[in-house]
Asker: 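Please read through the structure below; I'll follow up with questions.
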Amino acid sequence: MTRLTHLLLPTEREPPADAEALSHKLMVRAGLVRQVGAGLWTWLPAGWRVHRRIEQIIREEIDAIGGQEMLMPVLQPADAWRRTGRYEVDELFKLSDRKHADMVLAMTHEECVTTHVAQLVRSYRDLPLILYHFQVKERDEPRPRAGIMRTREFVMKDSYSFDRDRDGLDVSYERHVIAYGKIFERSGLEWYSVEADVGMMGGFGAHEYMAPCGAGENDVALAPGYAANVEVASAQAQPVDVAEPLVSPERVHTPGATTIDQVSRLLGVPAGGLLKAFPVVTDGRGLVLVLVRGDHHVNEIKLALALGEAFRHADDEDLRSIGPAGFVGPVGADVSVLLDDGVADGGYVVGANEPDHHLRGVQPGRDFAFQRADVRTVQAGDTVGGHPITIEPAIEVGNIFKLGTRYSEALGATYLDESGTEQLVWMASYGLGPARIAAAAVEQFADEHGIAWPKALAPWDVEVVALGKAGSDELAASERLYDELRDAGYDVLLDDRDAGPGAKFADAELLGCPLRLTVGKRSLAAGAAEAQIRRGRQDVDGGVSLDGAADAVRQLWPSVR
RNA sequence: CGGGAUGUAGCUCAGCUUGGUAGAGCACCGCGUUUGGGACGCGGGGGUCGUCGGUUCGAAUCCGGCCAUCCCGACCA
């Protein structure tokens, strides 16, 4: 169905009133998707073509590293989820069937695939194994947002590797790194992979694949040769002028000054000359005073990693042994102190542990003992390898994760090695979201006229715009052009509607097929179709000759971006 | 889960302050004229005004509950 007169392509002049993200507005306006409910979307025919093209790229590359495609159900018994501990996850949809058996809607498929492997894999000869599928994921998101970017139901390609040991896992992981690189290169997206937080799930290695775009939910720190999620990024702090330490700390009156800003202004000291106290409590250590430079922020993910255990913010009760909130400091306090790596030598202003007072000229080491750790959030302008970093929003389009044996232990996935000894299977999981790839492509390449798809993702390669109404020479010539290009292997959309040229051009630019061929009186007289490359709206000199059009397009195609 | 906003035709919105039985533009249907950047004329179809309740002779409009959607934050195995 590639004639516009027969295609359900409901384009809109206006974006939906509640749309904020560019991809949300454009994908709805271009007739690719329609909303059903919060975080629930229908892919209309043109949008689904894009989705399927992305799937196909992924399929080819995962097949190329030995992945075996299969299909697992979304609706699953709760049992395996109880065994892995994920039944408690809030985002998991839970329901019961007519026999009152507990069921879940899968948010990923580790439980299911591992259960199969536990039953089907017996010997080291059965490993390694890469299994994957494209299947719907269900997540009871607290807040779906940005159109297709964060939804409650979406298709994911998830693959799972099963290996004999950790070395084998590394090989499977590396294969996916290569496959993912090819997938994103082929997609035409701007992308990078970043070090990622391994999260509450444990594991021992993870990468996220990020596509920079305005509607992105993540912040990514970038420098030449460096890319990391701000959640885990490390960088050299920009230096700040700090006073020399005083001979001994001097107590200063700072009435009501409980914030960095207030103290800084009151004492005429730059924020970076203060030490911000961030008191936390852990099971293992009790109260810990985390200190970062006044112009820095504590990164709670890095802090948890540095502590090696979970923590909570200290409350007034916890602070009773030291100072009141707002005037907490390390000097004379009987607590362990974690000093951020970004704090250089110097004389700092710190809380005095008494109301309305601070200490100045405090020298870490001399005036209080500490342990060092990297626990701050990096900032634009910090450096990595001497290069300043920038921080960009990006959307996570894929992730790969070394799981280890967490699931195989919980679900009994073992095999017998050469010596007949039972061993746990080593696992990793690898996700990719075609919908997010599509949305990121829209965001990255749209202009004021609409979408400009990368060639590999476009719903059609070529849109032929026929000017002139039914029975006209132009339409007849368009039909011939359309047939010839289709025979030559191109996906072609023919705008054969009885509409004015303005409406047709506007819709074509909104939909964003890479190449537009226009057949009107003018060009017909010259024996050619006008050609415009969507990206940049570049006209092609001389257009495409109608005599031998397929060859002409074939020649032109490499220069289409 | 906290904070904010919005719900009127397929879409974008007006009407609500000051209660009197619903409108515009676009889209859609018919006829005609148009056809190189979102055409024009004439005629037409389409809305329990999110929902439930209250006040009132009378509610899209005032009041209350609920629901839905969006945005910010928290959250995002």
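This one's a predicted model, so the numbers in the text were calculated from it and none came from an experiment.
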Asker: Given B:C71, is OP1 or OP2 found less than 4.0 Å from the side-chain N or O atoms of A:R143?
Answerer: yes
Asker: Counting any heavy atom closer than 4.0 Å, what does A:A146 reach on the DNA or RNA strands: base, sugar-phosphate only, or nothing?
Answerer: sugar-phosphate
Asker: Rounded to whole angstroms, how far apart are CG on A:D507 and C1' on B:U35?
Answerer: 16 Å
Asker: Measure the distance from CD on A:E217 to P on B:C75 and round it to the nearest whole Å.
Answerer: 13 Å
Asker: Which nucleotide wins on minimum distance to the side chain of A:A506, given the candidates B:U69, B:C71, B:G38?
Answerer: B:G38
Asker: From NE2 of A:H24 over to P of B:C11, roughly how many Å is that when rounded to an integer?
Answerer: 13 Å
Asker: Could you tell me the separation between the CD atom of A:E14 and the P atom of B:A27, rounded to a whole number of Å?
Answerer: 12 Å
Asker: Would you say the side chain of A:Y430 lies within less than 4.5 Å of the side chain of A:D158, judging by non-hydrogen atoms?
Answerer: no
Asker: Using purine N1 to pyrimidine N3 plus N6-O4 or O6-N4 for Watson-Crick, or N1-O2 and O6-N3 for G-U wobble, both under 3.5 Å, which nucleotide pairs with B:U55?
Answerer: none
Asker: Please give the distance between the P atoms of B:A60 and B:C16 as a whole number of Å.
Answerer: 14 Å
Asker: Say we look at B:A22 and B:U8: how far apart would their C1' atoms be, to the nearest angstrom?
Answerer: 8 Å
Asker: Indicate, with a heavy-atom threshold strictly under 4.0 Å, whether A:R537 touches base, sugar-phosphate, or nothing.
Answerer: base
Asker: Look at the side chain of A:D498 and decide which nucleotide, out of B:U35, B:G38, B:G37, has an atom nearest to it.
Answerer: B:U35
Asker: In the strands shown, is B:C49 matched to any nucleotide by a Watson-Crick or G-U wobble pair with both distances under 3.5 Å, and which?
Answerer: none
Asker: Using a heavy-atom cut-off of 4.0 Å across all strands, would you classify A:K504 as base, sugar-phosphate, or nothing?
Answerer: nothing
Asker: Rounded to whole angstrom units, what separation is found between the CG atom of A:L467 and the C1' atom of B:G37?
Answerer: 10 Å
Asker: Need the pair for B:A5. Rule: Watson-Crick or G-U wobble, both distances under 3.5 Å, any strand; none if unpaired.
Answerer: B:U69
Asker: Parallel, tilted or perpendicular, judged at 30° and 60°: which one describes the rings of A:H109 and A:H133?
Answerer: perpendicular
Asker: Which comes earlier along RNA chain B counting from the 5' end, the contact point of A:P501 or that of A:Q35, where each point is its nearest nucleotide?
Answerer: A:P501
Asker: Can you tell me the base-pairing partner of B:C40? Count Watson-Crick or G-U wobble geometry only, both distances below 3.5 Å, and say none if there is no partner.
Answerer: B:G32
Asker: With a 4.0 Å cut-off on heavy atoms, is A:P10 in touch with a base, just the backbone sugar-phosphate, or nothing at all?
Answerer: nothing
Asker: Which part of the nucleic acid, if any, lies within reach of A:S472 when heavy atoms closer than 4.0 Å are counted: base, sugar-phosphate only, or nothing?
Answerer: nothing
Asker: By the 4.0 Å heavy-atom rule, please label A:E509 as base, sugar-phosphate, or nothing.
Answerer: base
Asker: Mark yes when over 12 heavy atoms from residues, nucleotides or ligands other than A:R175 sit less than 6.0 Å from its CZ; otherwise mark no.
Answerer: no
Asker: Nearest whole Å is fine: how far is B:C76 C1' from A:E208 CD?
Answerer: 11 Å
Asker: Taking the C1' atom of each, how far is B:A5 from B:G37, in whole Å?
Answerer: 37 Å
Asker: Please report the distance separating the P of B:G7 from the corresponding atom of B:C49, rounded so that it comes out in whole Å.
Answerer: 15 Å
Asker: When you measure only distances, ignoring hydrogens and angles, does the side chain of A:R139 come within 3.5 Å of the base of B:C76 through a donor and an acceptor?
Answerer: no
Asker: Between B:A77, B:G38, B:U69, spot the one nearest the side chain of A:R13, thanks.
Answerer: B:G38
Asker: Under 3.5 Å for both donor-acceptor distances, Watson-Crick or wobble: does B:G25 have a partner, and if so which one?
Answerer: B:C11
Asker: Is the terminal nitrogen or CZ of A:K402 (NZ for Lys, CZ for Arg) located under 6.0 angstrom from the six-membered ring centre of A:Y173 and within 45° of that ring's axis?
Answerer: yes
Asker: Only pairs with both distances under 3.5 Å count, Watson-Crick or wobble alike; so what is the partner of B:A77 in this structure?
Answerer: none
Asker: Could you check how far CZ of A:F93 sits from P of B:A77, rounded to whole Å?
Answerer: 16 Å
Asker: Across the strands shown, which category fits A:D90 at heavy-atom distances under 4.0 angstrom: base, sugar-phosphate, nothing?
Answerer: nothing
Asker: Can you tell me how far P in B:C67 sits from the matching atom in B:C52, rounded to whole Å?
Answerer: 15 Å
Asker: Using Watson-Crick or G-U wobble geometry with both distances under 3.5 Å, which nucleotide pairs with B:U61?
Answerer: none
Asker: Roughly how far apart, to the nearest Å, are B:A39 and B:A27 at atom C1'?
Answerer: 15 Å
Asker: Reckon A:R34 touches a base, only the sugar-phosphate, or nothing at all at heavy-atom distances under 4.0 Å?
Answerer: nothing
Asker: Please answer whether the main-chain N or O of A:E12 pairs with a side-chain N or O of A:R29 as donor and acceptor at a distance below 3.5 Å.
Answerer: yes
Asker: Within the 4.0 Å heavy-atom criterion, would you say A:A499 contacts the bases, only the backbone, or no part of the nucleic acid?
Answerer: base
Asker: Quote, to the nearest angstrom, the C1' distance that separates B:A9 from B:U18.
Answerer: 27 Å
Asker: At less than 4.0 Å, is any side-chain N or O atom of A:R145 found next to OP1 or OP2 of B:C72? Yes or no.
Answerer: yes
Asker: In whole angstrom, give me the gap between the C1' atoms of B:C62 and B:U55.
Answerer: 8 Å
Asker: Starting at the 5' end of RNA chain B and moving along, which residue's nearest nucleotide shows up first, A:T11 or A:E300?
Answerer: A:T11
Asker: Starting at CZ of A:R497 and ending at C1' of B:A39, how long is that distance when rounded to a whole Å?
Answerer: 15 Å
Asker: Do the side chains of A:L467 and A:T518 get nearer than 4.5 Å, heavy atoms only?
Answerer: yes
Asker: May I ask you to check whether A:S23 and A:K25 show a side-chain donor-acceptor distance below 3.5 Å?
Answerer: no
Asker: Answer yes or no: does atom CG of A:D283 have more than 12 heavy-atom neighbours from other residues, nucleotides or ligands under 6.0 Å?
Answerer: no
